[in-house]
Amino acid sequence: MGCCSSAAQSSKREWKPLEDHSCTDVPWLLLFILFCIGMGFICGFSIATGAAARLLSGYDSYGNICGQKNVKVEGIVNSGLDLTQKKYVFFLDPCNVDLVHQRIKSLALCVSACPRKELKTLADVQKFAETNGSTLCSYELQPSEYTTDPRAAKLCPKYPVPESAPIPFFHRCAPVNISCYAKFAEALITFVSDSSVLHRLISGVMTSKEIIMGLCLLSLVLSMILMVIIRYISRVLVWILTILVILGSLGGTGVLWWLYAKQRVSASAVETQIAKDNLQALLIYAISATVFTVILFLVMLVMRKRVALTIALFHVAGKVFIHLPLLVFQPFWTFFALILFWTYWITVLLFLGTTGSPVPNEEGFVEFQMTGPLKYMWWYHVVGLIWISEFILACQQMTVAGAVVTYYFTREKRNLPFTPILASVNRLICYHLGTVAKGSFIITLVKIPRMILMYIHTQLKGKENACARCMLKACICCLWCLEKCLTYLNQNAYTATAINSTNFCTSAKDAFVILVENALRVAAINTVGDFMLFLGKVLIVCSTGLAGIMLLNYQRDYTIWVLPLIIVCLFAFLVAHCFLSIYEMVVDVLFLCFAIDTKYNDGSPGREFYMDKVLMEFVENSRKSMKEAGRGGGAEGRELKPMASGASSS
């Protein structure tokens, strides 16, 4: 289970791509299976203790589950009732929500029907009970006593009783008009000082919902088109993206300033609050776009010469996608798996919220609480969320790495498996699930302390002194940097495992040695390459945002389009990131394969390169540049210096 292989043995061992397949990190796979069994136990325990019934059917303030016979709770009146005919939970004051404890501060009852129209007086409540047989006041009051008994003021719903309807599958009566919840949204959004601002923002989203959906679809289409372009014009992709981003940045900035100038003239004639808000938003957008464009130009100016290897790897990555088109759909399968797991996790979390034994609270009502060691089950559940989510993401990385490694180290591309992706998935399931479990667990160990510190920082916000605040932020930042470094090392370890079928620690060590030997090239790939992919994301966001500006500009007189535009741009960036992250992953895997290839092969008979012709041309150009730099001492020759290896020297 530990990193127990000797360094000397690791350094002497030769890389034998795809020759041997063996199970790796089996103890960690067994540990992961045991952990998943524990997650299943939590789900089974919550269902067995009645949490599922309480969550789905609902329960009243006396501990009775609606729609069934109940057992008497010691010391609680109105408990143990037969509520077979009363299947819905009704809150006497549904708009009284406790924001701190995130629950409704109202007496809950089981009723046979929700009020489908507004009831303005107690007489209406009494008539509703007599007509529909659904009593909306507490169980000890008879319908005939609603208007005469003085206790009705506390035991009957606060009127007017809003029109409500049952929530599908959860049997709760919820108000049809959600306006009573507006104040809670305003309380949560602390930056809104004027409630009318929130209402105008929400109305802007509702008015522009068709445009928002259309623009989100446009971002998806643009991402797919960009992936197709990468496949066929990868050699000139860097320069095309550079030119398009320059034009897009200049065009977007110019359009924003033009719209600001135009609307400033029209706003002086029409003095409305919406016009002022849109004018201010345009000014902020225009200034932000200008600053962003200037910074973008400066960064591109510095990096313009460090793109040779990046262009070669991009070209080969384009060929990979031609031979392995199913790689494009990897984000969909990963996202689908994550959604399924997160749905299960949230469902069990809701079960845990209603699990436990009935305990009377200060108000004389019933709450369900877990006692003893069982009350810490949700901590186990939270760790499961992180570990299993990281495990799913790591499975995607291992699958992509296995498919790309198969492509790279197959000399005759005609001899590739019919479906390299499925072959990689098969190797992952048969041999390397333990390695994936171990790598994802290491990331989990770093994430948990960072999340705890972030939670502490949030809870102590405004209470701690400046020194404590600075130390907390420094620790959070260090853990974040460590997490990113380990994630990158893990990805390369998965690639090494896919090549040599070695365990996680050995693979991580081997990959780390290769990366250290090529530190400058790693820096170039992770700056130039990632920056170019970032430019692709910026291009998609700018194109979608520009289309959104032009479309939403027609609604500027009667709606605020600040929030719709932000929603569209965030969605566009998310979609672009999901697609281009796969491309980034392929480039990183290709680089490690290229580094291993040039270290252990030199092109001589018996030690032929596996690499593509484009990468061979780069190697030859690098050697020529090194010789010229040796004579002239130029900085560019030092940058293109080949990897230090006795095998690669000719």
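For F579 and F332, the distance between ring centers is under 6.0 angstrom.
Looking only at side-chain heavy atoms (C-beta outward), T135 and K86 come within less than 4.5 Å of each other. For the pair W345/V382, a side-chain contact is recorded, criterion being any heavy-atom separation below 4.5 Å from C-beta on. The side-chain heavy atoms of M451 and I386, taken from C-beta on, include a pair separated by under 4.5 Å. In this structure, the side chains of F128 and S134 come closer than 4.5 Å at one or more pairs of heavy atoms. The shortest side-chain heavy-atom distance between D60 and L83 falls under the 4.5 Å cut-off. Annotation: side chain of Y139 is in contact with side chain of C110 (closest heavy-atom distance under 4.5 Å).
Side-chain contact check for S57 and H171: no donor-acceptor pair (N or O, by modelled atom type) lies under 3.5 Å. With 3.5 Å as the limit, one finds no donor-acceptor pair spanning the side chains of W28 and T435. For the residue pair Y62/N70, the side-chain donor-acceptor check at 3.5 Å is not satisfied.
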Side-chain polar contacts of residues 564-574 - donor-acceptor pairs under 3.5 angstrom, sequence neighbours left out - could you list them?
none

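F504 and Y494 have tilted rings, their planes meeting at an angle from 30° to 60° on a 0 to 90° scale.
Residue-environment remark: OH (Y344) exceeds the threshold of 12 foreign heavy atoms within 6.0 Å.
Note that CD of Q491 is 13.0 Å distant from CG of L486, once rounded to the nearest 0.5 Å.
The pair E140-R151 does not count as a salt bridge, with every side-chain nitrogen at least 4.0 angstrom from each carboxylate oxygen.
Checking L136, T147, L119 one by one against Q126, the side chain to side chain contact (heavy atoms under 4.5 Å, CB included) holds for a single residue, T147.
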